[in-house]
2 protein chains.
Amino acid sequence: MRPYSQVLDQLRNAGLRPTRQRLALAKLLFENAPRHVTAEGLHGEAQRAQVRVSLATVYNTLHQFTEAGLLKEVVIDANRSHFDTTTTEHGHFFFEDESRLQDIPDGQVELVSLPDLPEGTTVKSIDVVVRLNNS
Amino acid sequence: MRPYSQVLDQLRNAGLRPTRQRLALAKLLFENAPRHVTAEGLHGEAQRAQVRVSLATVYNTLHQFTEAGLLKEVVIDANRSHFDTTTTEHGHFFFEDESRLQDIPDGQVELVSLPDLPEGTTVKSIDVVVRLNNS
DNA sequence: GTGTTTGCAAAGTGTTTGCAATTTA
DNA sequence: TAAATTGCAAACACTTTGCAAACAC
């Protein structure tokens, strides 16, 4: 839950100018958070909301927001990149038939323990995905 | 651990003719199992082993083997498809800096419990990925 | 022989990039 | 007005596909 009002500050802190496009995309993303988007999907939404923004800019913006810590990229789907407004650690359901992502409520997918790490490595993230089929 | 000798039978059972290309790829895959490959990587290996096989055939073969249950596709990397000779449930380390995959030993990444599933769904698989950075 | 498989090259898909025009500070 | 950002179209990387030739049974 990241109030949209904080977003402007976070853009500034990340050295990102609050352009019309970024603000519009941030609004779509964070006023409806928590949520998951693909570039294509967010672009379509923007168009439907009468926001003129190119697909290239949507891609750039998603990556910039990710670098700024506003989003987390979720690698789950061989065909498409997904982004999540929730950046804290949590698991995902992935509906294979619809290529749709859904958060697993906190506390429902804890690991028994952290595995022994290979020498000279640090954990970047731990991703738990429960892949689901209909029926 | 799937002995290479079983592979011929499994190809037959899957209705796949044991062609020169399939046998050669199966040999590379299962004589060195457990292991992880990408299409590009396996193709390179085949060439180095003097096996003439096209990249298109490598792709086709990897998918056919996956459908036949000989391999499991691991979606972990936004840029490339990875395949694993171990088809039973287990976690993975992913070395982000090298785009390399490694199995987590059995028992080191168990979940405390299965989360409540959304209505009308069944679990296809549960994927646990520990993403690692060097140092 | 008949149906399957292969390899090539072309097409496809999602994503990134170069650069001129535009916008922001 | 200097630097950042956008949008377009082209380029890209990986993957899939159509089809004629080669192969398996």
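Each chain gets a letter, A, B and so on, in the order its sequence line appears, and its residues count up from 1.
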A.B. asks: On the nucleotide dC23(D), are OP1 or OP2 found under 4.0 Å from the side-chain N or O atoms that T19(B) carries?
C.D. replies: no
A.B. asks: Verify the distance criterion only: is there a donor paired with an acceptor across the side chains of H82(A) and D77(A) at less than 3.5 Å?
C.D. replies: yes
A.B. asks: Under a 4.0 Å N-O cut-off, is there an ion pair linking E45(B) with R35(B)?
C.D. replies: yes
A.B. asks: Whether the D127(B) and H92(B) side chains hold a donor-acceptor pair (N or O, under 3.5 Å, no angle test) is what I'd like checked.
C.D. replies: no
A.B. asks: So for atom CG, which belongs to D106(A), do other residues, nucleotides or ligands contribute more than 12 heavy atoms lying within a distance under 6.0 Å?
C.D. replies: no
A.B. asks: Can you list every stem that DNA chain D is part of, counting only runs of 3 or more consecutive Watson-Crick or G-U wobble pairs with both distances under 3.5 Å?
C.D. replies: C:1-25 with D:1-25
A.B. asks: When rounded to the nearest 0.5 angstrom, what distance separates CG in N60(B) from CG in L55(B)?
C.D. replies: 9.5 Å
A.B. asks: Can you tell me the distance, in whole Å, between the CZ atom of R17(B) and the C1' atom of dC23(D)?
C.D. replies: 8 Å
A.B. asks: Please round to the nearest 0.5 Å and tell me the distance separating atom CG of L28(A) and atom OG1 of T85(A).
C.D. replies: 12.5 Å
A.B. asks: Taking atom CZ of R52(B) as the centre, report whether more than 12 heavy atoms of other residues, nucleotides or ligands fall under 6.0 Å from it.
C.D. replies: no
A.B. asks: Look at the side-chain heavy atoms of Ile, Leu, Val, Met, Phe, Trp and Tyr, link any pair under 4.5 Å apart, and say whether L132(B) and V109(B) land in one connected group.
C.D. replies: yes
A.B. asks: Would you check if I126(B) and L114(B) make a side-chain contact, meaning some heavy-atom pair closer than 4.5 Å?
C.D. replies: yes
A.B. asks: Under a 4.0 Å N-O cut-off, is there an ion pair linking R80(B) with E40(B)?
C.D. replies: no
A.B. asks: What nucleic acid atoms does R12(A) come within less than 4.0 Å of, heavy atoms only: base, sugar-phosphate, or nothing?
C.D. replies: nothing
A.B. asks: Can you pull every protein N or O that's under 3.5 Å from an N or O on nucleotides 13-16 of chain D?
C.D. replies:
| unit_1 | atom_1 | unit_2 | atom_2 | d |
| --- | --- | --- | --- | --- |
| dC14(D) | OP1 | R80(B) | NH1 | 2.6 |
| dT15(D) | OP1 | S81(B) | N | 2.7 |
| dT15(D) | OP1 | S81(B) | OG | 3.0 |
| dT15(D) | OP2 | Y59(B) | OH | 2.1 |
| dT15(D) | O5' | Y59(B) | OH | 3.1 |
| dT16(D) | OP2 | H63(B) | ND1 | 3.4 |

A.B. asks: Which two nucleotides bound the region of DNA chain C that has atoms under 4.0 Å from heavy atoms of chain A, read 5' to 3'?
C.D. replies: dG14(C) to dA25(C)
A.B. asks: Would you mind reading off the distance between Q21(A) atom CD and dT6(D) atom P, rounded to a whole angstrom?
C.D. replies: 5 Å
A.B. asks: Output the rounded distance in Å from CZ (R20(B)) to C1' (dC25(D)).
C.D. replies: 17 Å
A.B. asks: Expressed as a whole number of angstroms, how long is the span from R22(B):CZ to dC23(D):P?
C.D. replies: 15 Å
A.B. asks: Could you tell me whether F94(A) and H36(A) have their ring centroids closer than 6.0 angstrom?
C.D. replies: no
